[in-house]
Each structure stands twice: as C-alpha cells, then as structure tokens.
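Quick notes on the structure that follows.
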2 protein chains.
Amino acid sequence: MSSTIITPAPAPTTLSSTLVARLRDSIMRGDLLPGSKLNLGRLRAAFGVSLSPLREALCRLENDGLVALIDQRGYRVTPVSAENLTEIIRLRVEFEGLAIKEAIEHGDVAWEGRILAALHQLNRCKRGSRSTAELESWEVAHRAFHAELISACGMPLLRQFCATLHDQSDRYRRIFLKKHPPDRDVPAEHTAMAHAVIERRTRDASKILRVHIERTGRNIQAVLPRK
Amino acid sequence: MSSTIITPAPAPTTLSSTLVARLRDSIMRGDLLPGSKLNLGRLRAAFGVSLSPLREALCRLENDGLVALIDQRGYRVTPVSAENLTEIIRLRVEFEGLAIKEAIEHGDVAWEGRILAALHQLNRCKRGSRSTAELESWEVAHRAFHAELISACGMPLLRQFCATLHDQSDRYRRIFLKKHPPDRDVPAEHTAMAHAVIERRTRDASKILRVHIERTGRNIQAVLPRK
DNA sequence: TCCTCCCACAAAATCGATTTTTTTCGTTTT
DNA sequence: AAAACGAAAAAAATCGATTTTGTGGGAGGA
C-alpha cells in the first residue's frame, strides 16, 4: 500500500469500441464520403484489424444513422440529401424542445452548475482557430454543452434520440460548412440559452434553441449540392 | 420463356438477418427474460450458427433497444422498469402524435386505402384466440396498422423512431399482459382512429391515439412487478 | 448489333480456432 | 469470520481461413 496511484478510469474498452470512435470520426469529418461504399477488405487493412471487430463497429454505427447495411452487398456511408437534412432539423427542434422543457422543470442546482461549466469550456475554445486539434475540442465541448442542457429531462431514451440527431446534423455541418467562417453570434446564443434555461424561462429557451438549430440548418441547405 | 413463375420476393436474406428476426421473437414473447444474460456459447448452440452472425444479430437488436452490450462482458436483454415504460409511453404519444398530424396533412387517397386495408386485416384477426399462430398474426397486423397510420408523414427517421418505441412497448404488453384478456373496445378504437385520420379530423385522431397508447400503458403498469 | 449465358474475379458472409479478459471458487491471511 | 489472494474455468473478443454470393466481361447465338 505505498503511493499506488489509483487509475480513475480503468478504460474497460474493446477493439470494436475503439473502432467505432475511429470510424465515426472519419465519417463525421467527411474522410469517408456520404454514400460511398465501405469495402471491408480495404478498411480491415487500413485500420489493421480483423473482420469481426470491424463488422461489429459498423453495425454499431448503424444505430447512429451514419452507415447503412444492405444484405449481401455490404455497408455504405449514409447518403446526404436536402430532405434528410430538413427532417433532421425538424426533429431536433421537436425533440430537443420537448427535452429542454422537461429539463427546466426537473433540473436542480447541480444541473445549473454543470450547464455553466459546459458553457465556460465551450467559450474557451476558439472556434475560428485553424488547428485541427482546437477545432476538434470545440466540437467536443459543443456537443457536451447541448447534451448538458437536456441532461435533466429525466428521459434517457429521449436524450439518446437527441444525441443521435445531433450527431447527424453535425456531420452535415462539418462536411458542408468546413470552409465557412462560423457565425459571429453563436457564442452569444449559447450564453443566452444557458441563462434562459437556468432562470427557467421556458418560452425563451425553446425559442432560442429553435432559432439556433434552424439557422444552422439553413446555412447548410444554402451550400448543399442540388440533385 | 415458358411458364416460368417469377418468385415474388427473391428473399435476399442473410443468416444474420434471419437471426435478428428469430432473436427478436424470443425477446418479444419473453422467452428470453428481461435483464437476463445472453451467453454467446449457449445461443450459438441453440440456434446452430457461428459466433459472427450471432454477434451481428445481437448488435442489430441494440438499435431496437431490445438488448444492450457491455464491453468485455457481453450482451443482456434490456431490463424493464416502470420508469422506462413511462418514458416509452410518453414518447410514443409525442412522436406518433406528431407523425399522425403530418400524415393527415400529406396523405393521399392511396394512403387512405392502405389504412382501410390494414384495418380490415387487423379486424379479421381474432384477438381472443388461443392459438399462438393466430395471436402472432394479430401482432403482425396490429403493428402494420399503426405503421400505416403514420406512413404518409414524410419523415423516414420519425417513422423509424416510432417503430422502435412501438416494439419496445409491445414487448411490455406481450410479456406482462400475456394472461390478461384484451380490452373489449380496442377494435372499435382502431376503427375510430382510422376514420378520424381519413376524414382529416386531426384533433380527434390525436386524442384517440393518445388515449389508446396511454390506456395500454396503465394496464401494463398495473401488473408490473414493483422494485 | 444486341441479347443471353457462362466463367473468372471480387466482395461479403460465415466458420472454427486462438487469444484475452472476466468470473468462480477454494485457500490463505488478518 | 471477513477480506484478500490466486489459479482454474468460463466467457467474450479477435483472428485467419473457407464458403457463399454478387459483379463484370467476353464468347456465342439470334
């Protein structure tokens, strides 16, 4: 019993789980193009793994709507379309709107604190930065902030649905707004949202959230290639 | 080109896909108990398949929320709880309510026809029957009817979410109301719902749907074992 | 020229065996 | 007696190889 350092998280992970994260990143950043076929042999080689964990990882990405499996002809990256994006945005407004209402009703002081913490971390990330690592840390903080807003809604399934939809719209944003400068007033909106939520201004919070989601949607639609 | 009979469905299926259906049935009917551990070795033997397709099938059932995977310690059947059921019911009301509103707005005559067809098929199934096959055909028709009601909503993702939630609440109903006689007025409610939808009485349709879903929820809650 | 059939190739799906990790259960230590 | 340990057993995860299925192209026939 000397000064043994207890590892905070034993990192109980598996190859498949690691692969899920790696593949998700590749799809999210657009390295794997929407609609493109995922050749198992090539992927296996590229990631240096066997077929079993690769297949399992892809299967798990199906849950998130990032890939689709067709019997006997393998996996492809989920294609993108204006209609699909429209639905994602619409459902995000509905689902997150419901979730935030419930969260405002049930959230306690600890939750308020977590929101402020998440907001702080988010605002510390320079969005305009050129560095990939910094952009990535903004993405992480942004996702965490939105998740925290609804974390007190008391509905695990709903939170999962929201997370899935958020991921899907993030893919659009990251691929199609890659070269666009981020909106100026986004940080202000996040701050306004956090305060509206904490002060239990349900109406305000819902509205800011809706505007926030829909504006991003329109920005993407504007540059989405037409069919 | 003699009298070649064209197979209606080439059945482009794979072992994994077959397994998904078989496992889903086992879980839905409660053969595999909620919360129970799924021993891969035993399952492999029971279904006469290898690990690869079995693993893939289980992974796909995760999407439907019927099983859960924990790294390094395998799969288990999703446990049940009063809170979980409450959330499922709540979300079904919200999601299907939204979907039916959109469907009423966008549905055409062909859709109306499909609803009546589905309703007819449903009403032809004797719910009170003792035969397993007949009960099963009612389940199929019932699911098809509810799916048809919202099929015109123009939102594939939402339909998928609704289908998932429907499956989950069906599992509760099939397991916990196995020995209870079905409610007398359920067929009448289906008919009323179909007509309200076709006649574009949005308000009525939503209300009937909500009552329909919530009553089943209460019936299950009443017999759900307390913790 | 166009269509159909057949073969070789590529890819997906599946299997059986091997490697890791967790769980179990007796044994020891305090 | 309770906690701690460790080796054996069980189970999950992974791998490499085999089988099955889809695909593309060319020969043969209309």
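Below, read A as the first sequence line, B as the second, and so on, with proteins coming before strands; counting in each chain starts at 1.
B/Arg92 pairs by the salt bridge (charged side-chain N to carboxylate O under 4.0 Å, His left out) definition with B/Glu96, not counting sequence neighbours.
Between the side chain of A/Thr164 and the main chain of A/Gln160, a donor-acceptor pair closer than 3.5 Å is present.
In this structure, the CD atom of A/Glu56 is 12 Å from the P atom of D/dA12, given to the nearest Å. Rounding to whole angstrom units, CZ of residue A/Arg73 and P of D/dT23 are separated by 5 Å. Between the CG atom of A/Leu40 and the P atom of C/dT14 there is a distance of 12 Å, rounded to whole Å. Remark: C1' of D/dA11 and CD1 of B/Ile70 are 14 Å apart, rounded to the nearest angstrom. In this entry the distance linking NZ of A/Lys37 with C1' of D/dT23 reads 11 Å, nearest Å. Regarding A/Leu51, its CG atom lies at a distance of 8 Å from the C1' atom of C/dA12, rounded to whole Å. What separates CZ of A/Arg76 from P of C/dA11 is a distance of 13 Å, to the nearest Å.
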Any protein N or O atoms within reach of nucleotides 8-10 of chain C? Criterion: under 3.5 Å, listing atom names and distances.
none

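Nucleic acid contact for A/Arg44: none, since no nucleic acid atom lies under 4.0 Å from a heavy atom of the residue. Counting any heavy atom pair closer than 4.0 Å across all strands shown, B/Leu19 reaches no nucleic acid atom. Nucleic acid contact for A/Leu54: none, since no nucleic acid atom lies under 4.0 Å from a heavy atom of the residue.
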Show every donor-acceptor pair shorter than 3.5 Å between a side-chain atom in residues 28-45 of chain A and any protein atom, with sequence neighbours excluded, or say none if there are none.
unit_1  : atom_1 : unit_2  : atom_2 : d
A/Ser36 : OG     : A/Leu33 : O      : 2.6
A/Lys37 : NZ     : A/Arg73 : O      : 3.4
A/Asn39 : OD1    : A/Gly41 : N      : 2.9
A/Asn39 : OD1    : A/Arg42 : N      : 3.0

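Contact annotation: B/Thr14 does not reach the phosphate of C/dA12 (side-chain N/O to OP1 or OP2, under 4.0 Å).
A donor-acceptor contact under 3.5 angstrom links the side chains of B/Glu148 and B/Ser151, judged on distance only. Looking at A/Asp71 and B/Thr14, their side chains never bring a donor and an acceptor atom within 3.5 Å of each other.
Counting heavy atoms from C-beta on, the side chains of A/Arg143 and A/Asp170 come closer than 4.5 Å.
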